[in-house]
J.: 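Right, I'll just put the structure down here and ask away after.
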Amino acid sequence: MPELPEVQTIASQLKKEILGLTILGVWSDWPKTLQVVSHKDHLKIKKTKKLVKASELKKLYKVFCDDVIGKKIKNVSRIGKNIIIHLSDEHVILVHQKLSGHLLFSEWDIINNVPISKKKGVLNDKVNGYIHLIFYLSGGKMLALSDLRKFAKVISGPKKEIFSLSDIANLGPDPFDKNFTFEKFKRRVKNKKGKIKTVLLNQEVLAGIGNIYADEILWVCKIHPLTPTEKISSVKLKKMYNEMKEMLRFSIKIGGDSMSDFRNIYGEKGKFQKYHKVYQKKGEACTRCKAKIERIKVGGRSSHYCPKCQQAAC
DNA sequence: ACTAGCCCCTGGGAGC
DNA sequence: TGCTCCCAGGGGCTAG
């Protein structure tokens, strides 16, 4: 699933491909993916949750189109696990890919209305086929969202308003932020009571870590996922801070993690899944001590760990 | 302040 | 073979 390295991979690649292009049109067969902030219907739809009337979706779709069509793409950035596409006139599009969403960039065969892939086999990869949103771009290009589970969210609106949404405003610091020192990391983790795994996944503590990297970081640091934050020594925290940054940097370098549905904007897999030590390795031998990897539930999420070298006491 | 549980979805695996 | 049931998983939300 897309976590910091995967989202960074997408953002960096988009930056190379779509800057300066204009959005010419929007298509969607699942408009529930879309949200807007500059319209009262946004609130209405959020509140109704389950039953969204077709007429409301139609209105929302129209506002979304008004927000983005005819706009030029000025920049692409990442905040936590969110991709921000900056448009002319201070509007932005926020994309959160959630579990199975990923953005695909391609040329577009306008005559036959199909994407033209640069790479062979990409269109045969099943996970690239669940396309529910397309931005038609100038120059015969397209940007599509493939999302098997339809959990992804795409929100348009004025930059100021989007950045004040809880999706962005409540996020903790980015692990790669220059100001995110060890002292800051330590303070934020220690201020949160609870299990370390839950705290690592909490995007308000720090933004970008998800289930895969949390499990892998805890294994490297030999910390049991259920360890209360107050029981973790400064030495261990320091190691966690360093290992986390190194792991994320390494994963970005090799294109992220494609254990599940993640693909980059060209539809290609990343390689981090080849380096997993515990995630989805239940029953396999720990590469450090040969004990069998176990899986437990922590805060509703599955957690993988080595019962021998990740002891609860620190 | 924290936790447990539900919801959103669908492919895939298990069981019959 | 084919049917039904159940589950994962990020994050928002509510109830306890």
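Letters A, B, ... are given to chains in the order of the sequence lines, protein chains preceding strands, and every chain is numbered from 1.
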J.: Is the A/Y241 ring parallel, tilted or perpendicular to the A/F180 ring (thresholds 30°, 60°)?
T.: tilted
J.: Do any side-chain nitrogens or oxygens of A/K150 fall under 4.0 Å of OP1 or OP2 in B/dC8?
T.: no
J.: A/K297 NZ to C/dA8 C1': how many Å, rounded?
T.: 7 Å
J.: Expressed as a whole number of angstroms, how long is the span from A/N202:CG to B/dC2:C1'?
T.: 11 Å
J.: What integer distance in Å separates A/F151:CZ from B/dT10:P?
T.: 9 Å
J.: Search all heavy atoms of A/I209 against all heavy atoms of A/L200 and return the closest pair with its distance.
T.: CB-O, 3.6 Å
J.: Classify A/L99 by what it touches in the nucleic acid, base, sugar-phosphate, or nothing, heavy-atom distance under 4.0 Å.
T.: base
J.: May I ask you to verify if any side-chain N or O of A/S302 is less than 4.0 angstrom from the OP1 or OP2 atom of C/dG9?
T.: yes
J.: Distance check needed: B/dC8 P versus A/M1 CE, whole Å only.
T.: 21 Å
J.: Which part of the nucleic acid, if any, lies within contact of A/D147, taking any heavy atom under 4.0 Å across all strands shown: a base, the sugar-phosphate backbone alone, or nothing?
T.: nothing
J.: Would you tell me if any nitrogen or oxygen in the side chain of A/Y279 comes within less than 4.0 Å of OP1 or OP2 on C/dA8?
T.: no
J.: Using whole Å, report how far NZ of A/K282 lies from C1' of C/dC7.
T.: 13 Å
J.: Is A/H96 near enough to C/dG10 that one of its side-chain N or O atoms lies under 4.0 angstrom from OP1 or OP2?
T.: no
J.: Atom CD of A/Q280 and atom P of C/dC7: how far apart are they, to the nearest Å?
T.: 16 Å
J.: Want to settle it: does A/K195 or A/R301 sit nearer the 5' end of DNA chain B, counting the closest nucleotide to each?
T.: A/K195
J.: Below the 4.0 Å mark, does C/dG12 have OP1 or OP2 next to a side-chain nitrogen or oxygen of A/K153?
T.: no
J.: Are A/D147 and A/K98 ion-paired here, with the side-chain N under 4.0 Å from a carboxylate O?
T.: no
J.: If only side-chain N and O atoms of A/Q35 are considered, is one of them under 4.0 Å from the OP1 or OP2 phosphate oxygen of C/dG12?
T.: no
J.: Does the C/dG10 base have a donor-acceptor partner in the side chain of A/R149 within less than 3.5 Å?
T.: no
J.: As a test of understanding, state which of A/V26, A/L21, A/I18 forms a side-chain contact (heavy atoms from CB on, under 4.5 Å) with A/F135.
T.: A/V26
J.: In this structure, is the centre-to-centre distance between the rings of A/F262 and A/H102 below 6.0 Å?
T.: no
J.: Would you mind reading off the distance between A/E3 atom CD and C/dG9 atom P, rounded to a whole angstrom?
T.: 11 Å
J.: I want to check one thing: is the phosphate of C/dG11, taken as OP1 and OP2, less than 4.0 Å away from some side-chain N or O of A/Q203?
T.: yes
J.: Quick one: do A/F182 and A/L237 satisfy side chain to side chain contact (heavy atoms under 4.5 Å, CB included)? Show the steps, please.
T.: CA-CA 8 Å; A/F182 168 62; A/L237 270 183; 3.9 Å; yes
J.: If you compare every side-chain N and O of A/K32 against the phosphate oxygens of B/dC8 (OP1, OP2), does one of them come in below 4.0 Å?
T.: no
J.: What integer distance in Å separates A/L226:CG from B/dA4:C1'?
T.: 15 Å
J.: For the side chain of A/K126, counting heavy atoms from C-beta on, which of C/dG9, B/dC2, B/dG11 is nearest?
T.: B/dG11
